[in-house]
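Comments concern the structure below.
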Amino acid sequence: MKKFSSITALLLIILASYWSYEGLMPRYTGDVSIPETYFSTNKALDHVKQISQKPHGVGFKAHEEVRDYIVSELEKLGLETSIQEGYTAGDWGNLSKAINILARIKGSGSGKALLLLSHYDSSPHSSLGASDAGSGVATILEGLRAFLSENPNPKNDIIILISDAEELGLNGADLFVNEHPWRKDVGLVLNFEARGSGGPSYMLIETNRGNAKLIEEFTKANPLYPVANSLAYSIYKMLPNDTDLTVFREDGDIEGFNFAFIDDHYDYHTVRDNFERLDRNTLAHQGTYLMPLLKHFSNSDLTNLKSLNDYIYFTVPFFNLVSYPFEWIWPMFGLAVLLFIIFIIHGFRNKKLDLIAVLKGFIPLLIILVINGIIGYFSWSVLKWLYPHYKDILHGFTYNGHTYIAAFIFLSLSISFYCYRQFKSVQMADLFVAPITLWLIICAAVAIYLPGASFFIIPVFALLASFWVILNQEVPSAYLMVFLALPAIFIFVPFLKMFPVGLGLKMMVASTLLASLTFLLVLPVFGFFRRKGTVAVLCFLIFFGCMIVAHFNSGFSRENAKPTSLLYVFDDDAQSAKWATYENSLSEWTSQYLGENKTVPQKLANTTISSKYGSGFTYVGKAPKKTIATMKIETTRDTIIDSNRYLEICITPQRDINRLELFTNEINIEKASVNGVELSEYYLKNRNWGKLITHYVSDHMYTDIELVFPKSEVLDLTIYEASNDLLTNALFSIPARPEDNIPMPFVLNDAILVTKTVRFD
């Protein structure tokens, strides 16, 4: 490959890689002079701005304000709204009073209805909820405005459900699916969600059967910027991740589509999930899903969406969504193996391949996979050792996380180029046998264990085509090789970023290994580079530069603030108090209370009030005793019938609280209900850490517990009663956080926590 061709080929590869990201989303342009019947990102942003003024979790004052705003906006569209409210505990033992907002557009037909879904509550305590899920509510409100401005006469009814208490345990969805009469009318759900504040919105399917019908109809609707693949679909079905739509699938056997963005994960559930940080392109992307799907499914037959068949699907630039049946997986794999065998025979017959050289070709492949795998696997542990304060970012995606992803990808490429440089004496045709063999093994494995990833075979066919060209041409065209490398680039390059962004930097190994595997698919281009060592050095310098940039951005600032936590814990049994925190590296703000006197807690370390990642207090320190009004506990029933004890306890707060959590000792609880809501037998047998229930309290509500357990057993009931008012309570004088601090998400924070244990023997 000539020097000019090599440079041009490299530039084309870089351009294609760039486009594989940039082509995923629309560009926000300010919506200048667009027709009234079009989705306006600016108008959607107006809704986001109104919704995200204050934290509005269940029980917060702003929660009602946001609900009133949404109701008024629906009524402005001419829709009659209704409210559904009631207690539910979901599958997680999180009790709350959910207040759902409902509206309905009447269709001309009598078929199933299309349901538009998002939730309006923010994560408890500090999150402003601009993205999660103010963006979803805004998308629906603006989409409805644009849709109704056309004076449509849809065939199907359109139900709008803005659910409540999603953040607490999908409670609003549970209330609708299990108790509302409209549930039986629903044929399909479109759910809009977020797990960050930017990036492309991914389409994920919820179905109890096959996805074939859903994919066919989604393709007919033809959204302009679909981002979806059946690998994510297969992984999603295996993981315990839930959205409101999960309740529709599990309890109602109702299919649906999730549309959720996950980038800028560091803003998730924080006070920085605000209007300013919401990516405008991302919000526009949500609109490009809703409008064509709303028009299509409001006039489609929604009674015929169930299927026993599954489709492989993935998106690539220019072709949008590509799909084919699962039945093609093994024939396509068999064809690839057959072609490979034919090409191998052809190569040996024509003396284009040498057995020893072919075996040598496995050496650089194994070296780069082992080295890059080890680097990726230990990278997050090393980073936390170098920067201990990263441990306080509980979801594991740092503010400079994108820089780290780029750094380790370029390090993987540097190692790959360097290793193949050492084998320049081996002919290119001989070197290609090993990557094709490896990729065929991978394709066989995913066909068996992860069939949704079977589209991996598509770039392998392109690699086989490159292998055939190389077997028959001494110096193949660089541009032809680049063209044949495009499927690998368009399909795999977006994954390099997706895994660590979505799952945290602990998944960096997915990026380093996938970068290595993608390098092997592009070997028909890179293998002909005469200056692989130069490219290796260049990639290493980029890695080094990224690490320097990441280092200088490893600290905290006003824009990228440190998560901090502080609690006042009063033990009502011992009549003693402690300061407590979840921080690993104490901030100056927290050190005022937990400085030199801090100790690692014993009792509360693993049994404290529950949190998303199972976090326990890291440090505690002595605190002055304050006069906190403690809960009132009444035993309203205590009866033995046959071999069981029937116990009813009412806990009434004597102060404004947000949360009450109950734990028990290891005891066999036969039945339990809280405020009339019965906990499932499955939950009672599988509850974590002895937790019985978490009650997110609204309107100063009491907690009434009914328990049935063997009369021979002794019940120890531990009660944690928390209010999120530590910084505003008149009993304390806690200074405001510095501008480079924010409340730590995913844990109880800025709270006054009272603990008490009651024994029933």
Side-chain angles (χ1 to χ4, degrees), residues 55 122-132 195-198 263-274 276-277 380-405 500-501 504-506 547-568 579-598 600-601 608 611-621 724 726-728 732 734-751:
S122 66
S123 179
H125 185 243
S126 61
S127 176
L128 295 177
S131 297
D132 182 19
R195 198 166 176 264
S197 60
D263 211 339
D264 298 342
H265 193 180
Y266 38 71
D267 290 331
Y268 180 48
H269 281 190
T270 75
V271 70
R272 296 301 166 82
D273 182 9
N274 57 33
E276 289 76 16
R277 289 169 79 108
W380 180 231
S381 297
V382 172
L383 288 173
K384 288 191 293 183
W385 175 71
L386 291 171
Y387 306 99
H389 53 276
Y390 285 173
K391 296 176 185 178
D392 291 329
I393 302 175
L394 299 182
H395 48 60
F397 192 77
T398 60
Y399 293 111
N400 54 3
H402 297 100
T403 309
Y404 282 129
I405 295 172
V501 162
L505 295 180
K506 64 183 178 182
M547 293 301 290
I548 291 174
V549 171
H551 172 74
F552 282 107
N553 288 284
S554 62
F556 296 111
S557 64
R558 184 180 182 279
E559 289 302 312
N560 299 323
K562 182 189 190 313
T564 58
S565 71
L566 183 65
L567 294 89
Y568 178 83
W579 297 112
T581 186
Y582 291 95
E583 294 177 45
N584 288 275
S585 298
L586 291 185
S587 63
E588 291 184 10
W589 182 75
T590 312
S591 294
Q592 298 175 86
Y593 304 93
L594 287 155
E596 297 179 358
N597 296 320
K598 69 179 185 294
V600 177
T608 189
S611 61
K612 182 178 177 66
Y613 296 103
S615 306
F617 292 151
T618 52
Y619 298 108
V620 296
N724 296 120
L726 178 60
L727 273 62
T728 57
F732 299 87
I734 310 295
R737 280 185 172 83
E739 289 188 341
D740 60 349
N741 284 193
I742 58 172
M744 183 179 286
F746 313 116
V747 295
L748 180 67
N749 212 337
D750 295 356

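Just so you know, residue 1 is the first one in the sequence shown, and it goes up from there.
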Reference residue Tyr390; test side chain to side chain donor-acceptor pair (under 3.5 Å); the match among Asn400, Asn584, Thr398: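 Exactly one option meets the side chain to side chain donor-acceptor pair (under 3.5 Å) with Tyr390, and it is Asn400.
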Picking from Asp392, Asn741, Asp740, what satisfies side chain to side chain donor-acceptor pair (under 3.5 Å) with Lys562?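 Testing each of Asp392, Asn741, Asp740 against Lys562, the sole residue satisfying side chain to side chain donor-acceptor pair (under 3.5 Å) is Asp392.
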Could you verify whether a donor N or O on one side chain and an acceptor N or O on the other, from Tyr266 and Asp264, lie under 3.5 Å apart? yes
Answer yes or no: are there more than 12 heavy-atom neighbours, outside Glu588 itself, under 6.0 Å from its atom CD?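 No - once you tally the heavy atoms of other residues, nucleotides and ligands closer than 6.0 Å, there are 12 at most.
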Atom CG of Asn553 with >12 non-hydrogen neighbours under 6.0 angstrom: yes
Are Val620 and Trp579 packed together at the side-chain level, in the sense that at least one heavy-atom pair is separated by less than 4.5 angstrom?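 No. Closest side-chain heavy atoms not under 4.5 Å.
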Are the side chains of Val501 and Arg195 in contact, using a 4.5 Å heavy-atom criterion?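 Answer no - side chains too far apart.
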For Pro745, all residues meeting side chain to side chain contact (heavy atoms under 4.5 Å, CB included), sequence neighbours excluded: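 Side chain to side chain contact (heavy atoms under 4.5 Å, CB included) check on Pro745 returns His269, Thr270, Pro563.
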Check side chain to side chain contact (heavy atoms under 4.5 Å, CB included) between Leu727 and all other residues, then give those that pass, not counting sequence neighbours. Trp589, Ile734, Arg737, Asp750
Pair Phe556-Ile742, side chain to side chain contact (heavy atoms under 4.5 Å, CB included): steps then yes or no: CA-CA 10 Å; Phe556 296 111; Ile742 58 172; over 6 Å; no
Measure from the side-chain N and O atoms of Ser565 to the backbone N and O of Thr581, and report whether any donor-acceptor pair falls under 3.5 Å. no
Are any side-chain N or O atoms of Ser127 and backbone N or O atoms of Ser122, one a donor and one an acceptor, separated by less than 3.5 Å? no
Given the rule in the side chain to side chain contact (heavy atoms under 4.5 Å, CB included) test, do Phe746 and His125 qualify, once you have shown the distances and angles that lead to the verdict? CA-CA 9 Å; Phe746 313 116; His125 185 243; over 6 Å; no
Which residue in the set Asn749, Leu394, Leu567 passes side-chain contact (heavy atoms from CB on, under 4.5 Å) when paired with Tyr582?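 Testing Tyr582 for a side-chain contact (heavy atoms from CB on, under 4.5 Å) against Asn749, Leu394, Leu567 leaves exactly one candidate, Leu567.
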Nearest-0.5 Å distance that lies between atom [atom1] in [X] and atom [atom2] in [Y]:
{"X": "Leu566", "Y": "Ser587", "atom1": "CG", "atom2": "OG", "result": "8.5 Å"}
{"X": "Arg277", "Y": "Leu128", "atom1": "CZ", "atom2": "CG", "result": "11.0 Å"}
{"X": "His265", "Y": "Phe397", "atom1": "NE2", "atom2": "CZ", "result": "9.0 Å"}
{"X": "Asp273", "Y": "Glu276", "atom1": "CG", "atom2": "CD", "result": "11.0 Å"}
{"X": "Trp380", "Y": "Tyr404", "atom1": "CH2", "atom2": "OH", "result": "8.0 Å"}
{"X": "Leu748", "Y": "Phe617", "atom1": "CG", "atom2": "CZ", "result": "7.0 Å"}

